[in-house]
Structures are given as C-alpha cells and as structure tokens.
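Here's the structure, in structure tokens; my notes come after.
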Amino acid sequence: MDFETIKAKADKYFMATYGRFNAAPEKGKSATLTDSEGRKYIDFTSGIGVNSLGYADAAWVDAVAGQASKLQHISNLYYNEPSALLAEKLCEMAGFEKVLFCNSGAEANECAIKIARKYSFDHYGEGRGKVITLVNSFHGRTMATLAATGQDVFHNYFFPFPEGFAYAEANNLDALKEAVDDTVCAVVMEPIQGEGGVMPLDKEYVKAAAEFLAQKDILLIFDEVQTGVGRTGKLYAWEHFGVKPDILTSAKGLGGGLPIGACLAGEKCANVLTKGTHGTTFGANPVVCAGALQVLERLTPEFLTKVRAKGEYFKSQLLKIDGIKSVRGEGLMLGAELERGTAADVAAKCVEKGLLVLTAKTLLRFLPPLVITYDEIDEGMEILKNVIENN
C-alpha cells in the first residue's frame, strides 16, 4: 500500500490516542529505514528506545524466527528453555537474585510496586504501603503507574486514581526526607527522567537518598525502563551512580523490538512474591525471550564501550549545530535544548527531510539504535542541522 492508503485505514480504525508523523516505514537495516515508496529515513528513535540492535539484525532475526518455528507460547504453567536461559543471563549480568518477566515497562513497575507493598506488609503489617516517586517522573499508563507518575498533566480524566502515592522534588534530599513517614514502603526513581525531559539525577543526591532509605528499611526502586539495557553505555544506569537498588525495572530495549518487561529483585526482595500473588499470561514468552537473550549476548563490555564513544560523538555533533543551546543525558540517551522554535515543529520537519527524532517536553530527544554507525549519525546530523539552522 502507498502511504495515503495506510494513513487512511489507520485513521479510520485506530482510536485517536497518538499524534502521528507522516511516515510509514516498511523495512530497515541498522538505523536506516525505508517506506513502501522508497523514501529513506535515518532513525534517531529506535521505536522510542526499543530497537536496541537496530533493524533486521541477522542474529536476532535468526533467534526469533528459529524459536517461532518450534514453540511460540506455552504459558507460565510450564517451563521453557528460552525463558530459563534469559532469566539466568539477565540476573547474572545485572547482579540481581530473581526476575519476573512481563510485557511492558508499566507492567514491570506494577510488579515492583506490588513487591514493595507485600515486603512491607510481611515485615510491618498493614498501613505501610505508600510509594513516593519524584516530581517530573513517568512510570507508565496503567492506572497505578499513572498515579505513580509525578506530572500533573497525567493526573486527569480517569478519576478516581489509586491511592497510596506521593511525590518529592528530584535532587532535593530535604524534600524526600519530609515526604517520608511511617506509612512509606518504597521510593521510585528514574536515574535519568526520560519523558520528563532527559533530566539526570544528581549522583550525590542518589547516594544520600539510598543511605537514608536503607536506615528506615524503605525499598529503593529504580525505573530503568528507558535507561536500561546499554542505553547509557552501561548495562543499567545505576552503575553510573554506584547505587544498586533493591528492585529494578526494565523493558524497551531488552526485547530488541518485541514486547517484554522485567522486574528484578535483589536478595532482600527475591522471595516476596509467592505462588498466586502475581501472574501474567504472555510474560516469559519463548519467542520474545529468545530475542532478548540475543540482545544480552551482544552487550559485551566492548560493545558498551562503543556505545559510550558513539554517545560522546553524537553529543559533540549536536553541540556544533547553530540553534542548539545545550545537550544533556548519558550514552545514547540524549536531549537537546533549542535556542529558537519548538521541538515538535523541528521533529515534524525532520520527518519530511528523512530523519526521525523524538521530543520530551521542550527538548529534542535522541534514542538511536545502539548499533547505529558513525555514517548514519553524520547523515542524520546533516538533516538535523539544515532543519534547525533554517527553522
């Protein structure tokens, strides 16, 4: 189908929950996409941080196709080899004791909240189930994760929201301490607030907060749905801070393009969830796990070093563009502040010229495939430069 036919069908039958750009990619390789009419796009988005190995990666395709040809689903009532191998690989690489696989970052965060509340109930009884998150955070679009999200713009329409959530200003230890009382069981942090505008947390704040919470046996949860799986040049961003959380959530890039979420628990929380206390029909799907296992096998120390190097190069090229005021972020998770114009306008014009970029509040946001080549970076930067400097 041509683009107009695709667009017409989608607009007719989809609920209008997305403001879509005028592009319909059909296939890709590495970080370069092509649509049905032959138009080419350099992708600085990787499906919002999902396609960590880019498009049509041969080893990933073989792993997924090979598993699909044998067993596509069996449920968690039985064991399956790909999920067992993935659980072992992820726990050992990330340094956690146990994992629960689900289907998205929001589900992983729901699981983390349930673990925190049950841990507190098991040790302290009722009345200690409040979860504190940070102002400007984003944790998902389910009812509970919307309530957990620390942005007022999301707290609308769907009343009543679940109770048991409070918010503290990021990088303000006094505000966190003031929010903590004897009803609190956990604090959730994104090491870098992605949807909130690519805002990294301060290292000293995170360290001091972790020490304070540990003294009170309040669990520290890191939402690494966007920062995880090599995105910042480390397997998980907590490594940049030297603070290991009690619970870590992961999704997006883990599946390499297929839907997966993971909730990882350290020793303190490894055995909190017991038979019947949580579940998921599609979690630990063997096809998805085969793809995720291939992603993890690629994330060697050498690979992550290359991600950090590409991130530095990407940042340096952004800062050369007249009209970009500043750049923040880590690895290949970057946000650029514009001196003029709006990020939404620039993103739309970039699509017209053959470049896909994201926005986050007033910033341009970049989450390219981890395998993006320097040539692809340069080609995309030239388009971005022309759009911004002529905007």
Side-chain angles (χ1 to χ4, degrees), residues 3-4 6-8 10-11 14-25 28 31-33 35 39-51 105 135-141 146 149-157 190 192-200 225-227 231 252 314-315 317-330 332-369 372 376-377 379-391:
F3 171 73
E4 292 302 329
I6 296 170
K7 183 177 186 300
D11 289 347
F14 276 117
M15 294 184 186
T17 57
Y18 288 95
R20 299 179 190 262
F21 293 105
N22 286 322
T32 302
L33 290 160
D35 68 15
R39 286 188 292 263
K40 188 176 79 170
Y41 303 88
I42 300 298
D43 182 18
F44 282 180
T45 75
S46 64
I48 317 182
V50 168
N51 300 320
V135 173
N136 202 48
S137 62
F138 181 83
H139 300 293
R141 292 184 181 275
L146 275 177
T149 291
Q151 297 186 58
D152 288 340
V153 68
F154 291 102
H155 299 158
N156 208 350
Y157 306 124
E190 299 164 279
I192 302 174
Q193 294 180 333
E195 303 296 329
V198 194
M199 300 290 293
V225 168
Q226 191 165 141
T227 56
R231 174 55 53 190
K252 287 192 179 289
F314 203 108
K315 182 177 181 179
Q317 298 307 107
L318 286 172
L319 289 170
K320 291 179 181 179
I321 297 175
D322 180 23
I324 288 184
K325 183 178 181 180
S326 65
V327 180
R328 58 180 181 253
E330 194 76 50
L332 287 173
M333 181 179 179
L334 298 170
E337 182 183 9
L338 296 170
E339 291 181 341
R340 57 185 179 273
T342 67
D345 183 45
V346 169
K349 290 179 179 177
C350 281
V351 173
E352 295 174 6
K353 302 297 183 181
L355 174 67
L356 307 185
V357 300
L358 297 163
T359 62
K361 293 189 178 293
T362 61
L363 272 70
L364 292 175
R365 181 171 45 144
F366 307 96
L367 301 168
I372 192 170
E376 288 171 323
I377 293 174
E379 189 173 350
M381 286 294 172
E382 189 61 30
I383 297 171
L384 185 63
K385 178 178 185 292
N386 289 334
V387 169
I388 292 177
E389 293 185 355
N390 292 295
N391 191 35

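The analysis underlying the following values was restricted to heavy atoms, covering all of them including side chains, and did not include hydrogens, waters or symmetry mates.
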query = With no hydrogens and no angle check, is any side-chain donor or acceptor of H155 less than 3.5 Å from a backbone partner on G150?
reply = no
task = Give a yes or no on whether the backbone of G197 and the side-chain of R328 come within a donor-acceptor separation of less than 3.5 Å.
result = yes
ask   = Would a 4.5 Å heavy-atom cut-off, applied to side chains only, mark T342 and T362 as touching?
value = no
ask   = So do L358 and L364 actually touch side chain to side chain, heavy atoms under 4.5 Å?
value = no
task = State, with a plain yes or no, whether a side-chain heavy atom of E195 is found less than 4.5 Å away from one of T149.
result = no
ask   = Do any N or O atoms from the side chain of K252 and from the backbone of I48 form a donor-acceptor pair under 3.5 angstrom?
value = yes
task = Indicate yes or no for a side-chain donor-acceptor contact from Q151 to the backbone of S137 under 3.5 Å, with no hydrogens or angles considered.
result = yes
ask   = Hey, does Q317 have a side-chain heavy atom less than 4.5 Å from the side chain of L384?
value = no
ask   = Any luck finding a side-chain donor-acceptor pair between K353 and N386 under 3.5 Å?
value = no
key: All ring-ring contact (aromatic ring centres under 6.0 Å, His included) counterparts of F138, not counting sequence neighbours   = F154
query = Hey, what do you get for CG (L33) to OG1 (T45), rounding to the nearest 0.5 Å?
reply = 7.5 Å
inquiry  = Just by distance, no angles: are the side chains of T227 and E190 close enough, under 3.5 Å, to form a donor-acceptor pair?
reply    = no
query = CG of N391 to SG of C350: how many Å apart, nearest 0.5 Å?
reply = 9.0 Å
message = For a quick test of reading the model, state the closest non-hydrogen atom pair linking L318 to V327 and the distance between them.
response = CB-CG2, 3.8 Å
query = How far does OG1 of T32 sit from CD of E376, to the nearest 0.5 angstrom?
reply = 3.5 Å
message = Using modelled atom types and a 3.5 Å cut-off, is there a donor and acceptor pairing between side-chain atoms of Q226 and backbone atoms of G194?
response = no
task = Report the relative orientation of the aromatic rings in F44 and F366; use parallel for angles under 30°, tilted for 30 to 60°, perpendicular for over 60°.
result = perpendicular
ask   = Closest heavy-atom contact between I372 and D43?
value = CD1-O, 4.3 Å
Residue pair L367, L332: steps toward the side chain to side chain contact (heavy atoms under 4.5 Å, CB included) verdict = CA-CA 6 Å; L367 301 168; L332 287 173; over 6 Å; no
message = Give me the atom names and distance for the closest heavy-atom approach of V351 to N22.
response = CG1-O, 3.9 Å
message = Pairing donors with acceptors under 3.5 angstrom, does anything connect the side chains of K361 and Q193?
response = no
request  = Might you point out which heavy atoms bring R340 and I388 nearest each other, and give the distance in Å?
outcome  = NH2-O, 3.5 Å
query = Quick one: does L334's side chain get under 4.5 Å of F314's, heavy atoms only?
reply = yes
key: Exercise: identify the closest heavy-atom pair between F3 and A24   = CD1-CB, 3.8 Å
ask   = So, for D35 and Y41, which heavy atoms are closest and what is the spacing to 0.1 Å?
value = OD2-OH, 3.4 Å
task = Test R365 against T359 for side chain to side chain contact (heavy atoms under 4.5 Å, CB included), laying out the working first.
result = CA-CA 5 Å; R365 181 171 45 144; T359 62; 5.9 Å; no
key: Flag, side chain of E389 to backbone of D322, donor-acceptor distance under 3.5 Å   = yes
